[in-house]
Amino acid sequence: MTQRNNMLQLILSLVSGILFALGLIVSQMVNPAKVLNFLDVAGTWDPTLAFVMGGALLVTIPAFRLILKRPHPLFAKRFYLPTKQDIDARLVTGAILFGVGWGLAGLCPGPAITALATGLLPVLGFVAAMVAGAFAHKLIFEQRT
């Protein structure tokens with residue numbers, strides 16, 4: 001890959017990240033109260049985030065089909081897609097932990113990083129815990145393989 005392609009890839013990544021963050025802000029996915037009300041189906045359920053998810057799927061599914069017909073991305077030699085397809089205990093445990101964390105805090109990684117701009121202490125604490133968890137995972141699991 002050339003230096004020009006590296007720069008273009010970085011610029012496109014930045015633009016994509018900004019666009020994603022704007023989508024999270026406009027849809028209020030960065031508002032933990034909004035997310036918690038969406039998850040509270042037995043209480044003060046707010047179904048509006050289902051439209052956000054549905055809208056995302058309407059764009060993503062056809063876009064992925066079109067993009068994956070290309071031999072490679074615009075500025076990379078190949079696509080980097082997940083290859084593991086089996087469902088094991090680690091995957092299930094991680095999904096459960098993610099869901100419990102999302103349900104308790106009302107934040108997941110993307111919205112939390114976007115919400116850092118608010119400077120709110122709970123968001124800072126969430127991101128600090130998320131980074132600590134990533135390092136703990138690296139220490140515990142990646143040294144075994």
Side-chain angles (χ1 to χ4, degrees), residues 1-39 41 45-120 122-145:
M1 185 181 290
T2 66
Q3 190 169 3
R4 180 179 177 273
N5 278 355
N6 283 340
M7 182 58 70
L8 288 172
Q9 187 178 32
L10 284 173
I11 290 169
L12 282 178
S13 297
L14 177 65
V15 170
S16 297
I18 290 170
L19 189 61
F20 183 64
L22 288 173
L24 292 172
I25 292 167
V26 169
S27 68
Q28 297 186 41
M29 290 285 292
V30 295
N31 180 352
K34 181 90 172 167
V35 173
L36 291 173
N37 280 333
F38 171 71
L39 296 173
V41 292
W45 187 51
D46 177 1
T48 55
L49 291 185
F51 291 101
V52 174
M53 293 177 194
L57 287 174
L58 286 175
V59 172
T60 301
I61 290 172
F64 261 62
R65 286 183 178 265
L66 283 174
I67 290 169
L68 292 177
K69 286 182 180 176
R70 299 178 49 89
H72 57 82
L74 286 178
F75 303 110
K77 291 181 180 174
R78 67 181 187 96
F79 289 103
Y80 294 93
L81 299 171
T83 56
K84 187 176 174 182
Q85 295 186 350
D86 56 323
I87 298 172
D88 59 10
R90 283 183 62 181
L91 177 68
V92 172
T93 303
I96 290 170
L97 289 172
F98 179 88
V100 169
W102 195 38
L104 289 173
L107 288 169
C108 63
I113 290 170
T114 302
L116 276 176
T118 64
L120 294 174
V123 174
L124 297 174
F126 180 90
V127 172
M130 183 175 74
V131 170
F135 279 113
H137 177 274
K138 187 173 183 123
L139 283 174
I140 295 169
F141 294 108
E142 291 187 12
Q143 291 185 357
R144 288 187 192 173
T145 57

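Just so it is clear, the model here is predicted, and its values are computed rather than measured.
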request  = Give the C-alpha distance, both sets of side-chain angles, the deciding distance and a yes or no for side-chain contact (heavy atoms from CB on, under 4.5 Å) between Leu8 and Leu74.
outcome  = CA-CA 9 Å; Leu8 288 172; Leu74 286 178; over 6 Å; no
task = Mind checking the CD1-CZ spacing from Ile25 to Phe20? Nearest 0.5 Å is all I need.
result = 11.0 Å
task = Mind checking the CG-CG spacing from Leu19 to Leu24? Nearest 0.5 Å is all I need.
result = 10.0 Å
ask   = Counting only heavy atoms not in Met7, do more than 12 fall under 6.0 Å of its CE?
value = no
inquiry  = Quick test of your reading: applying side chain to side chain donor-acceptor pair (under 3.5 Å), list the pairs with at least one residue in residues 58-76, sequence neighbours left out, ordered by first then second residue.
reply    = none
key: Considering all heavy atoms, the nearest Met29-Val35 contact   = O-CG2, 3.7 Å
request  = Please collect all salt bridge (Lys or Arg N to Asp or Glu O under 4.0 Å) contacts where either partner lies in residues 16-27, sequence neighbours excluded, each pair once.
outcome  = none
remark   = Applying side-chain hydrogen bond (donor to acceptor under 3.5 Å, both in side chains) to Asp46 and not counting sequence neighbours gives Lys34, Thr48
query = Which residues pass the side-chain contact (heavy atoms from CB on, under 4.5 Å) test with Val59, sequence neighbours left out?
reply = none
request  = Please report the closest heavy-atom contact between Ala50 and Phe38, naming both atoms and the distance.
outcome  = N-CE1, 3.5 Å
Give every donor-acceptor pair under 3.5 Å between a side-chain atom in residues 92-118 and any protein atom, sequence neighbours left out.
unit_1	atom_1	unit_2	atom_2	d
Thr93	OG1	Ala89	O	2.7
Thr114	OG1	Gly110	O	3.1
Thr118	OG1	Ala115	O	2.6
Thr118	OG1	Leu120	N	3.3

ask   = What is the distance from atom CG of Leu22 to atom OG of Ser27, rounded to the nearest 0.5 Å?
value = 10.5 Å
Partner residues of Asp86 under the salt bridge (Lys or Arg N to Asp or Glu O under 4.0 Å) criterion, sequence neighbours left out = none
